Amino acid sequence: MPARILDGTLIRDQIYAELAQEIAALRSSGIRPGLAAVLVGNDPASQIYVRSKIAACQQLGLGNIHLTPSANTTTAELLAIVRELNARDDVDGILVQLPLPPQIDAKIILEAVDPAKDVDGFHPMNIGKLVEGRPNLVACTPLGVMEILRRSGIPIESANAVVVGRSNIVGKPMALLLMQANATVAVCHSKTRDPRKFTREADILVAATGRPALIVPDDVKPGATVIDVGVTRITDPQQAEKIFAHSPERLEKFRKNGSAVAGDVHPDVAQVAGALTPVPGGVGPLTIAMLMSNTVKAARLRRGLRAESAASPR
Ligand code: NAP
């Protein structure tokens, strides 16, 4: 039986409905949570991401500020912008879109963001809190994966979870969140010897590598829940034919458009897995939803209100 498809768009809409209620309640008590997005330069992909984040704020009634300093901004200039946003009372969340131009020291900038406004969860203080098992503001993509698992009724406690990928923004916080939820966690990376030995043991397998179709059916335990974080645009027809060999509609679309988005999980894994997130439409929609949720959470925490609500989880 093919895997149950875990539809991220439906879960995102459910979270948005809860957040809209929560934001309306906050606004009726005079609090309007606000997000400031800083986009340095004109990278087209980053422009699309930031526009979608601002659009989500507008849809939900969150305050929003969109700053677009030029591509030749210096570290000192960007630092001044971040400090100004740190000081503004109408700003609860600050997001500095990555990647930053090469002349800017990203580490200095990310560490300058007030940890209480660090809605991307990238500040070392927030990462440290997550390591300690006291999560505060946590990176949006792994947080979104947890929402998919929880809202889809996938048991996490005592599950064997394997995360493939160990980046600071996805793999590491993902492993920590799963451990925090009492899964037994293993992390694989590019130097792992025989990764299949680990992945085949996984009740929950999260792939976050950016390697299209890396995870094939033989890597997966029958019935496992497979979460595909990877998003890669492929343009090579041979690669597309290999990946979409049994997905005629997607191959057709690739031929029409000359490119397609592929996840880290081969589509044939749907024949083995018990549940699977699609790409696109799986984890992706949750990332912005959790950014909105973190902004609301930051607004509550800054005002000494209860941190958790249905849509702003721990
Ligand atoms: P990254 O910083 O490039 O990290 C990739 C990780 O994968 C590294 O830890 C690397 O290992 C590991 N890896 C690479 N090849 C491997 C292999 N053959 N076997 C096992 N591990 C391997 O990427 P990232 O920022 O974490 O993003 C990963 C993917 O998620 C990308 O496709 C990205 O576009 C996507 N993403 C999606 C969202 C979303 O909203 N849906 C958000 C963020 C990222 P080493 O550490 O040993 O090099």
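Predicted, not measured: the structure shown is a model, and the values here were computed from it. Indexing begins at 1, ligand by ligand and atom by atom, following the structure's order.
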J.: Quick one: do Glu22 and Lys297 make a salt bridge, cutoff under 4.0 Å?
T.: no
J.: If every non-hydrogen atom of Glu77 is compared with every non-hydrogen atom of Asn72, which pair is closest and at what distance?
T.: OE1-O, 4.3 Å
J.: Name the one of Leu39, Val40, Asp43 that satisfies side-chain contact (heavy atoms from CB on, under 4.5 Å) with Gln97?
T.: Leu39
J.: Among all residues two or more places apart in sequence or in another chain, which pass the side-chain hydrogen bond (donor to acceptor under 3.5 Å, both in side chains) test with Asp218?
T.: none
J.: Which atoms form the tightest heavy-atom contact between Val162 and Cys188, and what is the distance?
T.: CG1-SG, 3.9 Å
J.: Between ligand 1 and the protein, which N/O pairs fall short of 3.5 Å?
T.:
from	atom 1	to	atom 2	distance (Å)
ligand 1	9 (O)	Arg166	N	2.8
ligand 1	11 (O)	Ser190	N	3.3
ligand 1	15 (N)	Arg211	NE	3.3
ligand 1	21 (N)	Ser190	N	3.4
ligand 1	26 (O)	Ser167	OG	2.5
ligand 1	32 (O)	Val231	N	3.0
ligand 1	32 (O)	Val231	O	3.3
ligand 1	34 (O)	Val231	O	3.3
ligand 1	40 (O)	Thr287	OG1	2.7
ligand 1	46 (O)	Arg166	NE	2.7
ligand 1	47 (O)	Arg166	NE	3.3
ligand 1	47 (O)	Arg166	NH2	2.8
ligand 1	47 (O)	Ser190	N	3.1
ligand 1	47 (O)	Ser190	OG	2.5

J.: Any idea which heavy atoms bring Leu35 and Leu95 closest together, and the distance?
T.: CD2-CD2, 4.2 Å
